[in-house]
Amino acid sequence: MENMEDLKKLYEYINNELIPKYDGLEKCTMHILPDVLEAKVEFLIKANENLDFDDFGLLNYLINIDIDNAAYEILNEVYPQPYIYVLSRY
């Protein structure tokens, strides 16, 4: 199993770096997933509900790049990824 401390570091990166970086993001929560799944945690990222479809899509694209880059540094290129993230307006 991946080091949970490293996954917590990735969670802290999302909250401390990504959320302030993009105006459309509000908060992130981390949920531990059941052992039967490949992913160990889920990051649920809340976006502003007033974002239009295009801005929401662009935001999802940009944070995907940032999360992948941070995961590469923090988790040392673990594959399959031990996390999933969900970007939601609701």
Side-chain angles (χ1 to χ4, degrees):
M1 180 171 148
E2 283 70 29
N3 185 341
M4 189 57 76
E5 290 302 314
D6 288 341
L7 291 168
K8 287 179 183 177
K9 288 178 189 175
L10 184 57
Y11 172 68
E12 290 171 3
Y13 166 80
I14 293 170
N15 274 308
N16 297 332
E17 304 279 334
L18 274 190
I19 300 298
K21 181 177 179 179
Y22 297 107
D23 288 336
L25 298 180
E26 295 180 5
K27 65 179 180 177
C28 176
T29 56
M30 183 173 90
H31 307 272
I32 297 173
L33 299 173
D35 288 338
V36 297
L37 301 174
E38 279 189 36
K40 301 302 173 199
V41 297
E42 169 193 59
F43 301 117
L44 182 56
I45 303 170
K46 171 75 170 79
N48 185 309
E49 62 187 34
N50 296 321
L51 287 175
D52 66 26
F53 183 78
D54 291 337
D55 289 340
F56 183 79
L58 177 61
L59 185 60
N60 189 41
Y61 172 77
L62 293 173
I63 67 168
N64 184 56
I65 293 169
D66 286 344
I67 291 172
D68 282 350
N69 288 337
Y72 181 82
E73 290 179 24
I74 295 169
L75 305 174
N76 297 315
E77 191 181 20
V78 172
Y79 189 84
Q81 296 170 330
Y83 65 90
I84 58 172
Y85 84 87
V86 177
L87 179 64
S88 173
R89 290 185 281 190
Y90 306 103

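These values consider heavy atoms only, across backbone and side chains, with no hydrogens, waters or symmetry-generated copies.
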**Request:** Kindly give the cluster partners of Leu44, where membership spreads through any ILVMFWY side chain lying under 4.5 Å from a current member.
**Result:** Val86
**Request:** Could you walk me through whether Tyr83 and Leu33 pass the side chain to side chain contact (heavy atoms under 4.5 Å, CB included) test, one step at a time?
**Result:** CA-CA 9 Å; Tyr83 65 90; Leu33 299 173; over 6 Å; no
**Straight-line distance of Cys28 SG to Tyr13 OH, nearest 0.5 Å** = 12.0 Å
**Request:** Count the heavy atoms of every other residue, nucleotide or ligand shown that sit under 6.0 Å from CG of Asp52, and state whether that count exceeds 12.
**Result:** yes
**Prompt:** Can any side-chain N or O of Asn16 pair as donor or acceptor with the backbone N or O of Glu12 at less than 3.5 Å?
**Reply:** yes
**Prompt:** If you measure from CE on Met4 to CG on Asp6, what distance do you get to the nearest 0.5 Å?
**Reply:** 10.5 Å
**Distance (rounded to the nearest 0.5 Å) between Tyr22 OH and Ile63 CD1** = 8.0 Å
**Message:** Apply the hydrophobic cluster definition, ILVMFWY joined by side-chain contacts under 4.5 Å directly or through others, and give me every member besides Tyr90.
**Reply:** none
**Request:** For the residue pair Phe43 and Tyr11, categorise the inter-ring angle as parallel (less than 30°), tilted (30 to 60°) or perpendicular (more than 60°).
**Result:** parallel
**Request:** Verify the neighbour count for atom CD1 of Ile65: are there more than 12 heavy atoms of other residues, nucleotides or ligands below 6.0 Å?
**Result:** yes
**Message:** Under a 3.5 Å distance rule, please check whether Arg89 uses its side chain to pair with a backbone N or O of Leu51 as donor and acceptor.
**Reply:** yes
**Prompt:** What closest approach, in Å, do Asn15 and Pro20 show between heavy atoms, and which atom pair accounts for it?
**Reply:** O-CD, 3.4 Å
**Message:** Counting C-beta onward and ignoring hydrogens, is there a side-chain heavy-atom pair between Met30 and Lys8 closer than 4.5 Å?
**Reply:** yes
**Asked** How many angstroms lie between CD in Gln81 and NZ in Lys40, if you round to the nearest 0.5 Å?
**Response** 14.0 Å
**Asked** Are Asn48 and Glu26 side-chain neighbours, meaning at least one heavy-atom pair lies under 4.5 Å?
**Response** yes
**Distance-minimising heavy-atom pair for Leu75 and Pro82** = CD1-CG, 3.9 Å
**Message:** Could you work out, with side-chain hydrogen bond (donor to acceptor under 3.5 Å, both in side chains) as the rule, every residue matching Lys21, not counting sequence neighbours?
**Reply:** Asp66
**Item:** Tyr61 reachable from Ile84 in the ILVMFWY side-chain graph, under 4.5 Å edges
**Value:** no
**Fill in**
In this structure, CG of Leu25 is separated from CG of Leu87 (nearest 0.5 Å) by 6.5 Å
**Item:** Working for side chain to side chain donor-acceptor pair (under 3.5 Å), residues Tyr85 and Asp68
**Value:** CA-CA 11 Å; Tyr85 84 87; Asp68 282 350; over 6 Å; no
**Prompt:** Roughly how far, to the nearest 0.5 Å, is the CG atom of Leu62 from the CD1 atom of Ile67?
**Reply:** 11.0 Å
